[in-house]
Amino acid sequence: MRGALTLVFLVSPVLSWAAPPPQITFYKHIAPIVYQNCAPCHRPGESAPFSLLSYDDTKRHAPQIARVTASRFMPPWLPEPGHGDFAEERRLTDAQIQLIQNWVKLGAPAGTPVRGQAPPKFPSEWQAGTPDLVLHVAKPYQLAAEGGEIFWNFIIPVPITATRWVRAIEVRPGNPRVFHHANVVLDRSGAARRQEAVPGAGFAGMDLTIEEETFDPDGQFLSWKPGSEPAQAQEGMAWRADPGMNLVLNVHLRPSGKPESISPEIGVYFTDKPQTKFPMLVQLEHDGMIDIPAGEKDFLVTDEFRCSMDLNVLAVYPHAHYLGKLMEGYATLPDGTRKWLIRIPEWDLNWQGVYRLKTPLLLPAGTVVSMRYHYDNSAENARNPNNPPKEVKGGNQATDEMGHLWLQVLPTEGGDQRAKLQESLVRQRLEKYPDDFGANFTMGDLMLTNGDAAAAATYFGKASGADPRSALAATEWGIALFSGGRLAEAEERFKRALAIDPSYTDARFDLASVEAASREWEPAATDFRRVLQERPADSRASQHLGEVLVFWGDALLKSGKGEQALARYRDALQFRPGDAQVHGKAGAALAQAGRLDDAQVELEMALRIDPKSEPARQTLDVLKAMKGQK
Ligand code: HEC
């Protein structure tokens with residue numbers, strides 16, 4: 001009994017002297033959390049369904065806020081803490097979550113406004129200031145009221161006449177309530193355009209591959225997600241915009257219950273400072289092995305690569321579709337230590353995004369980077385789009401699955417190391433997946449750039465075998481064969497590319513060129529003419545057509561077909577007006593056809609244009625002699 005009494009005496013004074021439980025108030029405790037972590041999305045014109053910019057706003061949703069913060073549904077933040085240190089991290093601490101719980105239990109009191117505290121101000125227009133150029137979509141996308149999520153690609157030309165350096169772009173969704181995520185992909189080759197059924201209409205598809213004819217990789221993640229600030233390129237990392245290039249805006253849309261018209265804009269910010277640092281986007285993936293049986297709870301997809309040089313990781317972008325669950329990316333350094341790049345315990349496509357590291361992570365040469373993605377194709381996965389579950393394969397539609405881990409890396413060695421890095425990565429891929437389309441194609445490109453046409457032809461041949469429907473691979477194969485002097489085979493490849501895609505003007509140009517090199521004048525002329533129909537301003541095509549017509553005329557002249565030769569020379573003069581040599585040749589053709597007077601007129605014209613033309617002078621002399629003999 002005594003002991004208990006003592007205890008009471010010991011305890012009670014403390015209790016009676018304690019201050020009343022601290023009053024948790026909105027202004028003092030909750031506003032700083034909400035303004036920083038919620039307001040970027042919960043404000044007018046942004047993605048969230050209501051604003052959290054005042055006491056009244058917050059109080060109105062208090063119980064809901066307590067619920068969604070406790071479950072960590074809000075703020076949306078996928079990475080597990082301690083596994084990668086990211087800028088723009090938006091994650092509440094346990095203490096903050098507890099504070100919100102207690103505040104709501106207390107009835108969500110306001111307290112007194114704190115001096116100097118105000119709801120955050122957000123620019124209502126462009127966040128990064130007035131853009132140098134604003135790009136609009138040609139045709140808004142009409143999103144139906146109901147139905148599944150939509151993945152749409154807008155193709156947006158960049159109207160510039162000279163090469164410019166871009167330091168930032170800002171995407172304005174126009175309609176953020178239905179706009180979930182967007183990626184911008186650069187297309188310098190027109191590959192995206194060729195995927196449109198109607199020019200300007202855009203096309204569907206979740207993940208986009210742009211086939212480039214030359215190795216010129218993009219080093220930037222150009223993406224938009226709700227509440228994020230526009231990505232600015234770091235000092236020295238501006239990227240190149242070329243005349244004629246397109247930006248492809250790949251957007252993820254969710255129907256809102258009413259029909260919506262979607263017409264996003266892109267603001268472009270230029271700089272005078274050209275690129276001096278060359279980051280590269282490196283991808284881990286093994287989509288080829290994705291074939292997930294219905295009901296499979298834990299299907300694992302892995303990939304890895306070894307760093308051939310010291311690299312700094314600047315940002316990571318993990319990506320899967322609806323079945324992705326636990327997603328891990330990490331690096332094993334040469335000394336065996338593991339550095340986490342990212343770990344996402346509960347993947348949710350709706351909140352995907354690019355994660356920039358607070359400070360670059362150095363991966364010394366010899367480091368192995370690994371990706372391990374787990375997929376859940378069982379009925380227990382609430383996000384499974386198929387009920388009952390169905391077998392799911394790799395592919396770029398929303399009903400297919402994918403697993404990508406992209407890293408933005410910057411080699412520590414100065415200068416442009418991209419081709420070197422790329423070659424080592426692609427060689428590793430080919431060891432693992434000898435028939436991989438992308439790896440063979442890229443290797444072909446690298447070999448062509450190195451001047452090894454024979455090796456390039458072998459790789460492009462394999463790429464073409466892996467994807468016989470790729471007009472680009474067939475064309476590149478042709479180009480490699482052409483530069484190796486294998487004209488007949490090259491011609492076959494270009495014809496194949498055009499059979500796949502008759503509107504592929506570059507392939508038509510290549511075909512015409514190889515026909516010309518093979519002295520097949522008639523088909524060469526026909527194909528150059530078609531190139532000019534498709535691209536009337538193509539001065540190289542008109543120049544080549546002029547040359548081909550002259551050669552063709554020469555061949556006819558040689559075989560005694562003067563009249564026909566004359567017609568070719570006359571055609572050639574359309575492309576080479578006032579060319580003394582062609583007038584001279586026309587004179588010779590007329591002479592051969594027996595039209596001596598006309599021939600004389602033509603030859604005299606050639607000599608008026610170019611009094612020093614020896615062939616014209618000699619032909620005229622012969623002609624006069626012939627006429628004199630008559
Ligand atoms: C990255 C943008 C973003 C941030 C940051 C964010 N929200 Fe949200 N919030 C949304 C979106 C978008 C929705 C609509 C959810 C949906 O449609 O799935 C939403 C929905 C909600 C809902 C309604 C949930 C429901 O069940 O309907 C609450 C409550 C909420 N947010 C509270 C918060 C709080 C509190 C914070 C900060 C601690 C926060 N949000 C931070 C974007 C955000």
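Because only heavy atoms are used, hydrogens play no part in the values below, and waters and symmetry mates are left out as well, while side chains stay in. Just so you know, ligand 1 is whichever comes first in the structure, and atom 1 is the first atom listed for that ligand. Position 1 is the first residue of the sequence, and the numbers go up from there.
Of the candidates His180, Gln64, Met74, the one placing a heavy atom closest to atom 23 (C) of ligand 1 is Gln64. Here the shortest heavy-atom distance to atom 26 (O) of ligand 1, taken over His61, Arg67, Arg43, belongs to Arg67.
Close contacts of ligand 1 with Pro226, meaning ligand atoms under 4.0 Å from a residue heavy atom, involve 1 (C). Residue Asn37 has at least one heavy-atom neighbour below 4.0 Å for each of these atoms of ligand 1: 5 (C), 37 (C), 41 (C). Under a 4.0 Å criterion applied to the non-hydrogen atoms of Arg254, ligand 1 contributes the atoms 16 (C), 17 (O), 18 (O). Taking every heavy atom of Val68 and a limit of under 4.0 angstrom, the matching atoms of ligand 1 come to 24 (C), 28 (C), 29 (C), 30 (C), 32 (C). When each atom of ligand 1 is checked for a heavy atom of Pro75 under 4.0 Å away, the hits are 5 (C), 38 (C), 41 (C). Remark: ligand 1 atoms within the under-4.0 Å shell around heavy atoms of Phe50 are 22 (C), 23 (C), 28 (C), 29 (C), 30 (C).
Under 2.8 Å from atom 8 (Fe) of ligand 1 lies an N/O/S atom of His42, whether from backbone or side chain.
Looking only at protein heavy atoms, the nearest one to atom 3 (C) of ligand 1 is Cys41 SG, 2.7 Å. Looking from atom 36 (C) of ligand 1 to the surrounding protein, the closest heavy atom is Cys38 SG, 2.7 Å.
Taking the six-membered ring for Trp and thresholds of 30 and 60 degrees, His252 and His180 have ring planes inclined between 30 and 60 degrees apart. Aromatic ring orientation, Tyr355 versus Trp77: perpendicular (interplanar angle above 60°, classes split at 30° and 60°). Using cut-offs of 30° and 60° on the angle between ring planes, the pair Tyr322 and Phe151 is perpendicular. Ring planes of Phe299 and Tyr375: perpendicular class, angle over 60° (limits at 30 and 60°).
Relative to the six-membered ring of Trp165, Arg167 misses at least one condition, a distance below 6.0 Å or an angle of at most 45° to the axis.
The side-chain heavy atoms of Phe179 and Pro264, taken from C-beta on, include a pair separated by under 4.5 Å. Side chains of Ile65 and Val104 form no contact here, defined as non-hydrogen atoms less than 4.5 Å apart.
Using a 4.0 Å cut-off between charged side-chain N and carboxylate O, Glu346 and Arg383 make a salt bridge.
Within the structure, the closest approach of Arg90 to ligand 1 falls below 4.0 Å when heavy atoms are considered. Heavy atoms of Ser47 approach ligand 1 to within less than 4.0 angstrom.
Contact annotation: for Pro76 versus ligand 1, heavy atoms closer than 4.0 Å belong to the side chain alone. Within the 4.0 Å heavy-atom criterion, neither part of Lys225 lies near ligand 1.
The environment of Gln36 atom CD is sparse: at most 12 non-hydrogen atoms of other residues, nucleotides or ligands sit within 6.0 angstrom.
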